[in-house]
Amino acid sequence: MSAGKEIVDLSGPAVSEREHFDLSGPLHLTAVDWTNPSHRRSVAASLVQSVYILERDRQEKRDGPHALAPPWWEFFHFKLYKHLIDEADSCIFGAIFQLTTPTTHNSPRFVVAFRGTITKGDAFTRDLELDVHIIRNGLHQTSRFETAIQAVRHVIATFGSSNVWLTGHSLGASMALQAGKSTAKTGIFLEVFLFNPPFLSAPIERIIKDKNVKHGLRFAGSVITAGLALAMKNKNRGSGVNTTFDVLSEWLPCLFVNPSDHICSEYVGYFEHRKRMEEIGAGQIERLATKHSIGGLLWNAVGGVELEEPLHLIPSANLTVNLTPARDFKDAHGIHQWWRPDLHLESNSYKL
């Protein structure tokens, strides 16, 4: 997140203006049109921001009239249904919000939101540990994710799956994606809004500008991955990887990425490459390659326990790219960009 200006209160610590809704929130959304993609995106991002501030309120012991988080959900007529607490360090990593006005076909009834990494306060060590679990493809094995998925299942079991949204930013986007994939594999397709979701791969999209070179590298990677997958086919006979991936193809999470953010920018190339492979007649190779990672296949080849498919591999998505020039990495990766009314966005739907 961008640092922003700080407001100095002589009675307490300095507070970033980014935490104040009346200074940094989407005040232009005085009436939410739930059929408007921009409004839906802005509300989802604001609820994620409220979780960041809930944790900062906890750290700074701001409560009652001094708490800064409530305006971020109350402005849109939500109430806080439940905090999600990490049992490892007692930090607030998520929250469940309930809409207090009558719901429509397009509006959410409940939103489960997850924040990303906070670099201040006592939450940083645990957040960093979770970031490492993402890199190791082990987020689904953590106690924080167990708390998250239990919360999602509680909402579904108690209130039904219709009009339930999941949303998150960065680390929180991985949490929401993991929860969304888990429920989708059971046939429950929730609406999911993922802001700057991590894509664990060499940032080809960010560091290589020549389109032909990028395509060549990705084409070679697809051929190698597909070849390894074919070679392991007999050994993995009966595996459910392909079946679950095919089930996920009917689910369309909404991804919001910035090409200047190396953490998520590779999603742009990931989906564009699949489209190009179809256009040149190599779609079958890519459809096989996109279900696997080279690392996972090599691990399986040397006798390792078969790994769950990498979290970032998804067959289908609605991808929105923010083409508005970013000042720096913090600007490109920050949650605040996603409720600005003047964004230059490009959106496409991809389905395997």
Side-chain angles (χ1 to χ4, degrees), residues 34-51 78 84 93-99 103 105-116 134 139-140 144-145 147-156 159-199 244-245 247-258 263-264 267 270-271 308-322 335 338-339 345 347-352:
W34 292 109
T35 66
N36 186 318
S38 176
H39 290 198
R40 291 158 63 87
R41 180 191 73 246
S42 297
V43 172
S46 295
L47 293 178
V48 172
Q49 171 68 349
S50 75
V51 181
F78 284 89
L84 299 182
F93 72 90
I96 304 174
F97 300 98
Q98 182 178 7
L99 190 65
T103 57
H105 174 70
N106 294 290
S107 67
R109 186 180 179 192
F110 288 88
V111 178
V112 187
F114 306 101
R115 65 166 175 82
I134 294 175
L139 185 65
H140 60 291
R144 181 181 291 190
F145 176 70
T147 300
I149 193 62
Q150 290 297 337
V152 173
R153 289 170 179 162
H154 164 76
V155 172
I156 293 172
F159 304 104
S161 60
S162 61
N163 301 91
V164 175
W165 289 9
L166 304 181
T167 184
H169 172 248
S170 194
L171 166 60
S174 291
M175 194 74 66
L177 177 56
Q178 186 75 68
K181 288 179 77 171
S182 296
T183 55
K185 289 175 182 178
T186 68
I188 299 174
F189 299 155
L190 302 178
E191 288 203 63
V192 178
F193 298 79
L194 308 173
F195 300 100
N196 303 82
F199 190 105
T244 57
F245 206 81
V247 169
L248 290 174
S249 67
E250 299 300 318
W251 177 56
L252 281 169
C254 297
L255 277 62
F256 302 92
V257 306
N258 191 310
I263 291 176
C264 67
Y267 269 114
Y270 172 71
F271 285 110
E308 182 166 316
E309 78 274 2
L311 178 59
H312 63 268
L313 295 185
I314 49 177
S316 307
N318 292 317
L319 179 69
T320 298
V321 182
N322 182 9
I335 187 66
W338 297 112
W339 58 72
L345 302 177
S347 298
N348 290 286
S349 293
Y350 299 91
K351 192 171 182 183
L352 188 63

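These numbers were taken from a predicted model, which means no experiment stands behind them.
Taking each heavy atom of F145 and A179 in turn, the nearest pair found is CE1-N, 3.5 Å. Listed here is the closest heavy atom pair of I335 and Q49: CG2-OE1, 3.5 Å. Scanning all heavy atoms of the two residues, the minimum distance from L345 to N322 falls at CD2-CA, 3.7 Å. Taking all atoms of both residues into account, the shortest heavy-atom contact from A184 to L248 is CB-CD2, 3.5 Å. For the residue pair A317 and F271, the shortest heavy atom distance occurs at CB-CZ, 3.6 Å. Taking all atoms of both residues into account, the shortest heavy-atom contact from S347 to T320 is OG-OG1, 3.0 Å.
With sequence neighbours left out, the ring-ring contact (aromatic ring centres under 6.0 Å, His included) criterion links F97 to W73. Under the salt bridge (charged side-chain N to carboxylate O under 4.0 Å, His left out) criterion, R109 pairs with no residue at all, not counting sequence neighbours. Evaluation of the ring-ring contact (aromatic ring centres under 6.0 Å, His included) rule for F256 yields F195, W338 as partners, not counting sequence neighbours.
In this structure, L171 and F93 have side chains that are not in contact, with every pair of non-hydrogen atoms separated by 4.5 Å or more. In this structure, the side chains of V51 and H169 stay at 4.5 Å or more apart for every pair of heavy atoms. Side-chain atoms of P197 and V257, non-hydrogen and from C-beta on, do get closer than 4.5 Å to each other. Residues F159 and V164 are not in side-chain contact: their nearest non-hydrogen atoms beyond the backbone lie 4.5 Å or more apart. In this structure, the side chains of S161 and L190 come closer than 4.5 Å at one or more pairs of heavy atoms.
Distance OG1/T183 to CD/Q178: 10.5 Å, rounded to 0.5 Å. How far CD1 of I314 is from OH of Y350: 12.0 Å, rounded to the nearest 0.5 Å. Residue N163 holds its CG atom at 8.0 Å from CD of E191, rounded to the nearest 0.5 Å. From I156, atom CD1 reaches atom OG1 of T186 across 7.0 Å, with rounding to the nearest 0.5 Å. Distance check: L194 CG to S170 OG gives 11.5 Å after rounding to the nearest 0.5 Å. Here the CG atom belonging to N258 is positioned 7.0 Å from the CG atom belonging to N196, to the nearest 0.5 angstrom.
Taking the six-membered ring where tryptophan is involved, the planes of W34 and F78 are perpendicular, since the angle between them exceeds 60° and thus also 30°. Using cut-offs of 30° and 60° for the angle between ring planes, the Y267 and Y270 rings count as perpendicular.
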Step-by-step ring pair (Phe, Tyr, Trp, His ring centres under 6.0 Å) determination, H312 to F199: CA-CA 6 Å; H312 63 268; F199 190 105; 4.3 Å; yes

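Within the 3.5 Å criterion, the main-chain N or O of M175 finds no donor-acceptor partner in the side chain of R144.
In summary, the side chains of S316 and S249 do not present any donor paired with an acceptor at a separation below 3.5 Å, with no hydrogens or angles considered.
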